[in-house]
Peer 1: 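My structure is below; once you've seen it, I'll send some questions.
Letters A, B, ... mirror the listed sequences (proteins, then strands); counts begin at 1.
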2 protein chains.
Amino acid sequence: MKSVSCSSCLLKSEAVVNLAEQELNVLGRSCVEAVFEKGETIFKQDALSSNIIYLQTGLVKLLVKGPQRIQILRLKKAPCYLGIPTTMGDKINHYSAVAIERTTACFIDINVFKELIRVNPDFSYEIIIELCRNELEQFNRCVKLVQNQVFGRLATHLLDLSAHIYLSDQFDLPLNRSEIADLVCSSRETVSRLFSDLAKEGIIKVDGKHLEIVDKLRLQNISEKG
Amino acid sequence: MKSVSCSSCLLKSEAVVNLAEQELNVLGRSCVEAVFEKGETIFKQDALSSNIIYLQTGLVKLLVKGPQRIQILRLKKAPCYLGIPTTMGDKINHYSAVAIERTTACFIDINVFKELIRVNPDFSYEIIIELCRNELEQFNRCVKLVQNQVFGRLATHLLDLSAHIYLSDQFDLPLNRSEIADLVCSSRETVSRLFSDLAKEGIIKVDGKHLEIVDKLRLQNISEKG
DNA sequence: AATAAAATGTGATTTATATCACACCTATTT
DNA sequence: AAATAGGTGTGATATAAATCACATTTTATT
């Protein structure tokens, strides 16, 4: 971990674009950078939450230990903030964040973050907008989860990976079948079966972790119709 | 609808306690009060969103038309804000708000709301905290929804009505069986059966809309264990 | 008060999907 | 190269809860 100059990295963040030189220096002095390898935990459910994290590069899963099983709430791709709700909303983390590929992250002390909100209205405005969008997305996810069956949910997540994470029709899945089950809220076996079915139908090609979306239109149809 | 003095009502809101006299006057001039009877829509999914609503009194359900059915996202009890995510997060409402008892509400123009955020850091801080708590609550709801079976979800919602809405072990249900099904994401028939079962077990007493929680401990147990 | 309409309770049936069970395959370790 | 462990595919079975079906009750309307 090392202290960093935030003007060189955080300036890429929309929310930080309006911070003055002096504010950035304050941020820089209280900011430490860290690297996480695949599988490493960035912060942990039930631990005290005292930092906001700015993801510079990489991919992260947010997960909760529910009463029955682990559930992946969502994936977060850099650049973005991590842990604003869980750090600002309570003293204790309500979920964990785990890197699913090599990730670099900046830890911002919560008091510094709060001070930034206080002194910079444009910054706090951006944060508010992001929180609002997150809530709308979360509502959407919840509705899909309840009203679509596993087939549709899996299709939705594959399209999401393709369109928003890898920006390609082909990519290597960052999760194993069991984790994909946690993501679509199903069982490992069911996910396995559905992959086979989708492949048999010629909608996708799967070879281990490698996935190719062949018939995007039909996959979109499955995603919408359930 | 009439123009109102916000210092007499909004001051009750934690988030507004720090607004200056002048800011309150700005708010007052652009603020209109309205009364909604049970069943009336306050704002509608897919309509343009241009107001933040401050609920002064009453009870409201937020609902989405999903692909298969209607789903009640959550209940909101006055005093609280309504529609911040859907108004700030997008131009179009992602859900509807419907009064489920007589409700009075103040409509605040979005530009006035944005201006308040800009000029008053304490106000925007309060809003950020509320949004963060909402997101954590929403994650919780989602996890329960997926991992508990209907029995547990129904128990959770009954306890929630008792503890957070009516502050009593006895109350009149503000929703019919079909709406309760929308809330716990189940079917009317299943809710009906579960009410009967809970009553047979002596955990609750039901008479039409009137509900009494008799054995709170067992109900809590059902709520947690699924 | 009579009638229509809506809401509710409960049995029978169906269905999506979890769970169980086991074979196979791929890595890593020895 | 052998051995162990984790990951994966797929059939058989079990189950929670949806759906269908209809009787009954409650509420609204004429």
Peer 1: Atom NE2 of A:His210 and atom C1' of D:dG7: how far apart are they, to the nearest Å?
Peer 2: 19 Å

Peer 1: Tell me the interatomic distance from B:Arg69, atom CZ, to D:dA17, atom C1', rounded to whole angstroms.
Peer 2: 11 Å

Peer 1: A:Asp207 CG to D:dG9 P: how many Å, rounded?
Peer 2: 10 Å

Peer 1: Rounded to whole Å, how long is the line connecting atom CD of A:Gln68 with atom P of C:dT19?
Peer 2: 9 Å

Peer 1: Does the distance from a Lys or Arg side-chain N to an Asp or Glu carboxylate O, for B:Arg141 and B:Glu137, drop under 4.0 Å?
Peer 2: yes

Peer 1: Choosing from D:dA17, C:dA12, D:dG7, which nucleotide comes nearest the side chain of B:Gln149?
Peer 2: D:dA17

Peer 1: For A:Ile180 and D:dG9, give me the distance from atom CD1 to atom P, rounded to whole Å.
Peer 2: 9 Å

Peer 1: Assign each of B:Lys209 and A:Val150 to its nearest nucleotide of DNA chain C by heavy atoms, then name whichever residue's nucleotide is nearer the 5' end.
Peer 2: B:Lys209

Peer 1: Heavy atoms only, 4.0 Å cut-off, all strands: where does B:Arg177 land among base, sugar-phosphate and nothing?
Peer 2: sugar-phosphate

Peer 1: Quick one: which of C:dT8, D:dT8, D:dA12 gets closest to the side chain of B:Ser192?
Peer 2: C:dT8

Peer 1: When you check the phosphate oxygens OP1 and OP2 of C:dA18, does a side-chain N or O of A:Thr190 lie under 4.0 Å from one of them?
Peer 2: yes

Peer 1: Without decimals, in angstroms, what is the distance between A:Glu179 CD and D:dT8 P?
Peer 2: 9 Å

Peer 1: Report the nucleotide, chosen from C:dT8, D:dA18, D:dT8, that has the shortest atom-to-atom distance to any side-chain atom of B:Arg188.
Peer 2: C:dT8

Peer 1: Considering all heavy atoms of both residues, which atom of A:Glu201 and which atom of A:Arg218 are nearest to each other, and what is their separation?
Peer 2: OE1-NH2, 2.6 Å

Peer 1: Of B:Glu189 and A:Val191, whose closest DNA chain D nucleotide lies nearer the 5' terminus?
Peer 2: A:Val191

Peer 1: Tell me which of B:Arg193 and B:Asn176 sits closer to the 5' end of DNA chain C, going by the nucleotide each one is nearest to.
Peer 2: B:Asn176

Peer 1: Between A:Glu101 and A:Lys38, is the closest basic N to carboxylate O distance under 4.0 Å?
Peer 2: no

Peer 1: Identify the heavy atoms of B:Lys216 and B:Ile213 that sit nearest to each other, and give their distance.
Peer 2: CA-CG2, 3.8 Å

Peer 1: With the side chain of A:Ser186 defined as its heavy atoms from C-beta on, choose the nearest nucleotide among C:dT10, C:dA18, D:dT8.
Peer 2: C:dA18

Peer 1: Tell me the interatomic distance from B:Leu173, atom CG, to C:dT8, atom C1', rounded to whole angstroms.
Peer 2: 13 Å

Peer 1: On the nucleotide D:dG9, are OP1 or OP2 found under 4.0 Å from the side-chain N or O atoms that A:Ser196 carries?
Peer 2: no

Peer 1: Please report the distance, rounded to the nearest Å, between CG in B:Leu194 and C1' in C:dG11.
Peer 2: 15 Å

Peer 1: Name the one of A:Thr156, A:Asp160, A:Asn148 that satisfies side chain to side chain donor-acceptor pair (under 3.5 Å) with A:Ser223?
Peer 2: A:Thr156

